[in-house]
Amino acid sequence: MSPLVSIEGLSVAFNGVPVLHGVDLSLRKGEAIGLVGESGSGKSVTWLAALGLLPRHARVSGSVRLDGREILSAPAATLDQVRGGRVAMIFQDPASALNPVLTIRKQLCEALALHRDLSGDALKVEARRLLDLVGIPDAARRLSAYPHEFSGGQVQRIMIAMALAGNPDLLVADEPTTALDATIQAQILDLLSQIRREMGMAMVLISHDLGVVAENCDRVAVMYAGRIVEEAPATALFDDPWHPYAQGLIGALPPLDGPRRRLTAIPGTVPDPSKMPAGCAFAPRCTVASEQCGVGAPSLAPLGDARAVACIRAEASRRALLGIAAE
Ligand code: ADP
Ligand code: MG
């Protein structure tokens, strides 16, 4: 089956400073993939670049195909059609994405009129159905309300309804629940996963929280300093991470059950894009780095079982983690 989206060699530079270094990522119809990494690792830039949403001064190169059609170099009109239509995005701060002076009905109907062949009463009926679908109680009445009359979690539900208005094949959700408290966060993610499965929609879930993506995605790509450093089925990555950075991210997670243990955060911070180390960007923070790691950035190498890792010390690191003696 040909992929729904295929990103190849996607690179981005701002003011001559590269921040994304040849990202490859593909997504099948209906598949949910997670993109995870600390803040500043290039998760948002990857999808903003892919959908033509970066500011003009960004230098973007590579290829992004939607159903085999190149969209990176597509004219603005084509991209307008793609965004909100076949591909929808939701962001971390939902409040800023809604217009405070228009009712929810008006905003939902506008989104529907733009991307669907509906008018008049059919628009209002569909707006109500969407609000129902995302679990807003008393949807018929609540359509006349303004954004400030809803809680943070409800506003995020409305944003999901807006994103679904165009019947998208792909939803890119960038830290959709980061601003919400933990209980609401879990409810919104459950809702997204349920709707996604019912609609057969593909999803990219961007999060700095590996637990969130592992639970809601089929596959996970781990990003560090503008590169994908590991890609694997979600359960495989969670149970047996190969890249020392992925191992660190999992070490920094609170346990799902059992006694609370001390969390081991990864020491240090993501390097500034203008001061990137010569070799592997993670080497300065890595506990198993060798001299070789300072020589060149390792490429993402296939590992079998639909996995890939960009680390020359992955095997050694994994052995150390599992307590297996070196041969
Ligand atoms: P993430 O989403 O993983 O937290 P981003 O993709 O937003 O990270 O950022 C990746 C890098 O690109 C960061 O170093 C960030 O400072 C830089 N960056 C993002 N947007 C811009 C911009 N508009 N201008 C300059 N640098 C940017
Ligand atoms: Mg981001």
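Atoms within a ligand are numbered from 1 in the order they appear, just like the ligands themselves.
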_Whether Ser39 has an N, O or S atom under 2.8 Å from the Mg ion (ligand 2)_ = no
*Answer yes or no: is there a donor N or O on one side and an acceptor on the other, between the side chain of Lys43 and the main chain of Met223, under 3.5 Å?*
no
*Could you list the atoms of ligand 1 found under 4.0 angstrom from a heavy atom of Pro55?*
23 (N)
_Sidechain-backbone polar pair: Thr177 side chain, Leu180 backbone, donor-acceptor under 3.5 Å_ = no
*So which heavy atom in the protein is nearest atom 24 (N) of ligand 1, and how far is it from that ligand atom?*
Phe14 CD2, 3.4 Å
*atom 13 (C) of ligand 1: which protein heavy atom is closest, and how many Å away?*
Gly40 O, 3.9 Å
*Counting N and O atoms only, with roles assigned by atom type, does the side chain of Gln247 sit under 3.5 Å from a partner on the main chain of Pro241, one being a donor and the other an acceptor?*
yes
*Ignoring hydrogens and angles, tell me if any N or O in the side chain of Gln156 forms a donor-acceptor pair with the backbone of Gly153 under 3.5 Å.*
no
*asked:* Taking 4.0 angstrom as the limit and counting only heavy atoms of Ser39, give me the atoms of ligand 1 inside it, by number and element.
replied: 4 (O)
_Give the atom numbers and elements of ligand 1 that come within less than 4.0 Å of a heavy atom of Ser41._
1 (P), 3 (O), 8 (O)
*N/O donor-acceptor pair under 3.5 Å between Gln107 side chain and Asn99 backbone*: yes
_Looking only at protein heavy atoms, which one is nearest to atom 3 (O) of ligand 1, and what is the separation?_
Lys43 NZ, 2.8 Å
_Please tell me if atom 16 (O) of ligand 1 is touched by the protein, where touching means a protein heavy-atom distance below 4.0 Å._
no
*asked:* Is the positively charged end of Arg142 above the ring of Phe150, judged by distance under 6.0 angstrom from the centroid and angle within 45° of the axis?
replied: yes
*Side chain, backbone, both or neither: which part of Ala58 has a heavy atom under 4.0 Å from ligand 1?*
neither
*Mark up the atoms of ligand 1 that fall under 4.0 Å of a heavy atom belonging to Pro273, in ascending order.*
14 (O)
*Have a look at ligand 1 and work out which part of Ser44, if any, has a heavy atom under 4.0 Å from it: side chain, backbone, both or neither.*
both
*Give a yes or no answer on whether the side chain of Arg59 reaches the backbone of Ala13 with a donor-acceptor pair at less than 3.5 Å.*
no
_Mode of Val45 contact toward ligand 1 - side chain, backbone, both, neither (heavy atoms, under 4.0 Å)_ = both
_Using a 3.5 Å distance criterion without hydrogens, assess whether the side chain of Ser11 forms a donor-acceptor pair with backbone atoms of Gly22._
yes
